[in-house]
Amino acid sequence: MQLTQHKLKKCPKCGGKVHGHGTRKRRVCIMGEKKWCRVRRFRCPHCRKTFTRLPHFLIPFKHYMAREIEHVLRSILEGCPLTLVSSGAEESTLRRWQKEFKRKLQSWAGSLESKASGLFGEYPDLLSIPFHPLKRLEQALSRLPALPPAWPVLVKALHLINPSYPLCIV
């Protein structure tokens with residue numbers, strides 16, 4: 001799988017000018033099938049940091065595509081038993097995602113709500129905040145400047161929370 005990635009100009013750590021540093025293979029699991037893709041690497045000569053730029057369909061430290069993780073989380077949060085969730089991941093992986101993102105989704109939504117409040121001076125009505133963490137995240141994202149519609153909700157949230165993270169804008 002070959003990726004088209006735009007060139008990164010500034011270091012996410014120090015803001016210095018970065019240089020291409022080749023590519024590396026990155027494993028991607030698509031409905032349980034393992035594939036490899038090439039991702040661009042960059043290096044900042046100022047702070048000597050080397051980093052990889054991820055494509056918009058991956059999130060850091062996850063092999064599965066962001067849309068698949070998002071689908072699993074949505075199914076679980078809507079009451080679907082783990083054994084019936086359609087995913088290529090093993091049940092233990094689904095449990096791990098459920099545990100990990102239960103905390104993260106609420107935290108991310110809170111960060112985005114604060115960001116929207118700071119930008120636009122409007123505060124969400126506490127009674128209108130959805131209990132469903134993904135819906136809360138989507139609601140918070142809707143109050144902020146739009147990002148590419150092809151990006152999954154998890155990727156949009158990560159990009160807005162930490163804009164210096166080198167996600168690819170395709």
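Please read all numbers here as calculations on a predicted model, not as lab measurements.
- Residues Leu82 and Gln98 have side chains in contact (heavy-atom distance under 4.5 Å, counting atoms from C-beta outward).
- With contacts defined as side-chain heavy-atom distances shorter than 4.5 Å, the pair Val155/Leu54 does not qualify.
- Atom CD of Glu90 is surrounded by 12 or fewer heavy atoms from other residues, nucleotides or ligands within 6.0 Å.
- Taking the side chain to side chain contact (heavy atoms under 4.5 Å, CB included) definition, one finds that Ala89 meets it with Tyr64, Ser87, Thr93, Leu94, Trp97, sequence neighbours left out.
- Remark: Glu33 pairs with Lys35 by the salt bridge (charged side-chain N to carboxylate O under 4.0 Å, His left out) rule, at least two apart or across chains.
- Annotation: side-chain hydrogen bond (donor to acceptor under 3.5 Å, both in side chains) contacts of Thr23 (sequence neighbours excluded): Arg38.
- Inter-residue side-chain proximity for Phe101 and Ile69 is flagged as met; some heavy-atom pair is nearer than 4.5 Å.
- Applying the salt bridge (charged side-chain N to carboxylate O under 4.0 Å, His left out) test to every pair with at least one member in residues 42-51, sequence neighbours left out, gives no pairs at all.
- A salt bridge does not link Glu113 to Arg143: none of the charged side-chain nitrogens sits closer than 4.0 Å to a carboxylate oxygen.
- Scanning for salt bridge (charged side-chain N to carboxylate O under 4.0 Å, His left out) contacts around Glu70 gives Arg74, with sequence neighbours left out.
- Judged by the 6.0 Å and 45° rule, Lys156 forms no cation-pi pair with Trp151.
- Considering only residues two or more places apart in sequence or on other chains, Lys104 meets the side-chain hydrogen bond (donor to acceptor under 3.5 Å, both in side chains) condition with Glu100.
- Contact check for Lys10 versus Val18: no side-chain heavy atoms found under the 4.5 Å cut-off.
- No side-chain heavy atom of His19 sits under 4.5 Å from any side-chain heavy atom of Phe42.
- With sequence neighbours excluded, the residues that form a side-chain hydrogen bond (donor to acceptor under 3.5 Å, both in side chains) with Arg95 are Glu91.
- Qualifying side chain to side chain contact (heavy atoms under 4.5 Å, CB included) partners for Pro149, counting only residues two or more places apart in sequence or in other chains: none.
- Looking at Leu144 and Lys115, their side chains come closer than 4.5 Å, going by heavy atoms from C-beta outward.
- Under the side chain to side chain contact (heavy atoms under 4.5 Å, CB included) criterion, Arg24 pairs with Arg26, Val39, Arg41, Thr52, sequence neighbours left out.
- Applying the side-chain hydrogen bond (donor to acceptor under 3.5 Å, both in side chains) test to His71 and every residue at least two apart in sequence or in another chain returns Ser86.
- Partners of Cys14 by side chain to side chain contact (heavy atoms under 4.5 Å, CB included), not counting sequence neighbours, listed by chain and number: Cys11, Cys44, His46, Cys47.
- In this structure, Leu58 CG and Arg27 CZ are separated by 12.0 Å, a value rounded to the nearest 0.5 Å.
- Distance check, rounded to the nearest 0.5 Å: CG of Leu134 to CD of Glu78 gives 8.5 Å.
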